[in-house]
Student: 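Take a look at this one; I'll ask things after.
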Amino acid sequence: MNEANDSLKYPIGRPQLPTQPLTAAERTTLIQQIADLPAQLTAAAKAVGGVGLEQPYRPGGWNGRQVIHHVADSHMNAYVRFRLALTEDNPTIKPYEESAWAELPDVAATPITVSLTLLEALHSRFVTLLHHLTDEQWQRTFYHPGNQRTSTLEQTLALYAWHGRHHLGHLNLLLAKG
């Protein structure tokens, strides 16, 4: 992939996952990013507008509608992965085909306000859970068979904080296209 395409695909750069335990302050910053995301996505979607949301943010990329529905789908999976890791010993999670989900008929037929409302409620629960985890719980793990990787909940927190900002960056690319 060339540099121009990479900057469109990854407008905020690729994720950087922690390799050492995070401080409480670092976790708090990441949790706040997750807490702020629903309002930020809503504001960006309003700024882009209905017609703009039907456009892809890059050649071969999803349109804004697909991005918003994807964030809700993805963060629902993240919430479930956290709950599984907190209640089971290194569970194997169920991956899903993000691209196939983005093509399902409900994505085109459902107003984005449904996923934005869903994301707001989901993040309310998610953030409450995150604020109540102990240092030991942050080190709990799950196994992802798709990428054959075991991840701590801290790494997963960093990934999903990045994920939200990443897709917000895609909406900002649509806004810049005007």
Student: How far does NZ of Lys46 sit from CG of Leu41, to the nearest 0.5 angstrom?
Tutor: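 Between Lys46 NZ and Leu41 CG, I get 12.5 Å after rounding to 0.5 Å.
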Student: Should we count CG of Asp106 as having more than 12 external heavy atoms under 6.0 Å?
Tutor: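 Yes - once you tally the heavy atoms of other residues, nucleotides and ligands closer than 6.0 Å, there are more than 12.
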Student: Which side-chain N or O atoms in residues 97-104 pair as donor and acceptor under 3.5 Å with protein atoms at least two apart or in another chain?
Tutor:
| from | atom 1 | to | atom 2 | distance (Å) |
| --- | --- | --- | --- | --- |
| Glu103 | OE2 | Gln66 | NE2 | 3.2 |

Student: How far does CG of Leu22 sit from CG of Leu153, to the nearest 0.5 angstrom?
Tutor: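 If we round to the nearest 0.5 Å, Leu22:CG and Leu153:CG are 11.5 Å apart.
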Student: If two hydrophobic side chains count as joined below 4.5 Å and joins carry through other members, does Val71 share a cluster with Ile112?
Tutor: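 Shared cluster, yes.
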Student: Distance from Leu119 atom CG to Thr113 atom OG1, nearest 0.5 Å?
Tutor: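 Leu119 atom CG to Thr113 atom OG1 measures 12.5 Å (nearest 0.5 Å).
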Student: Can you find a side-chain donor-acceptor pair between Tyr160 and Arg165 that sits under 3.5 Å?
Tutor: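 Side chains of Tyr160 and Arg165: no pair found under 3.5 Å.
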Student: Quick check on Gln137: does its CD atom have over 12 non-hydrogen neighbours (other residues, nucleotides or ligands) under 6.0 Å away?
Tutor: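 Atom CD in Gln137 is crowded, with more than 12 foreign heavy atoms closer than 6.0 Å.
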Student: Just checking, any donor-acceptor pair under 3.5 angstrom between side chains of Asp135 and Gln139?
Tutor: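 Note: Asp135 and Gln139 side chains miss the donor-acceptor criterion.
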Student: As an exercise, state the distance from CG of Asn63 to CD1 of Ile68, rounded to the nearest 0.5 Å.
Tutor: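 Reported to 0.5 Å precision, the distance equals 9.0 Å.
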Student: Working to the nearest 0.5 Å, report the span between NE2 of His167 and CG of Leu37.
Tutor: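 It comes to 10.0 Å.
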Student: Please determine if Asp6 and Arg14 form a salt bridge, counting it only when a charged side-chain N lies under 4.0 Å from a carboxylate O.
Tutor: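 Result for this pair is yes, salt bridge flagged.
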Student: For the residue pair Phe82 and Phe126, does the interplanar ring angle fall in the parallel (under 30°), tilted (30 to 60°) or perpendicular (over 60°) class?
Tutor: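 It falls in the perpendicular class, over 60°.
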Student: If you measure from CG on Leu17 to CH2 on Trp162, what distance do you get to the nearest 0.5 Å?
Tutor: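 The CH2 atom of Trp162 is 9.0 Å from CG of Leu17, to the nearest 0.5 Å.
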Student: Should Leu118 and Tyr96 be counted in the same cluster of Ile, Leu, Val, Met, Phe, Trp and Tyr side chains packed under 4.5 Å apart?
Tutor: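 No, no single cluster joins them.
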Student: Looking only at side chains, do Tyr79 and Arg125 share a donor and an acceptor under 3.5 Å apart?
Tutor: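 Present: a donor and an acceptor within the cut-off.
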Student: In the single-linkage hydrophobic clustering (I, L, V, M, F, W, Y; side-chain heavy atoms under 4.5 Å), do Val80 and Leu133 co-cluster?
Tutor: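 Looking at the clustering, Leu133 is in the same group as Val80.
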Student: Return yes if some donor-acceptor pair links the side-chain N/O of Lys9 with the main-chain N/O of Arg58 below 3.5 Å, else return no.
Tutor: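 No, Lys9 side chain to Arg58 backbone: no donor-acceptor pair under 3.5 Å.
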Student: Please give me the minimum heavy-atom distance between Ala47 and Leu175, naming the atom from each residue.
Tutor: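 Looking at all heavy atoms of both residues, the shortest contact is O-CD1, 3.5 Å.
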Student: Are His70 and His170 near enough that their ring centres are under 6.0 Å apart?
Tutor: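 Centroid separation for His70 and His170: 6.0 Å or greater.
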Student: Under the 3.5 angstrom rule, does the side chain of Glu120 hit a backbone N or O of Pro38 as a donor-acceptor pair?
Tutor: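 Such a contact is absent between Glu120 side chain and Pro38 backbone.
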Student: Would a single hydrophobic cluster contain both Val114 and Val67, if residues Ile, Leu, Val, Met, Phe, Trp and Tyr are joined by side-chain heavy-atom contacts under 4.5 Å?
Tutor: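 Unlinked, Val67 and Val114 end up in two clusters.
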Student: Please determine whether residues Ile12 and Leu159 belong to a single hydrophobic cluster, defined as Ile, Leu, Val, Met, Phe, Trp and Tyr linked transitively by side-chain heavy-atom distances below 4.5 Å.
Tutor: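 Ile12 and Leu159: one cluster.
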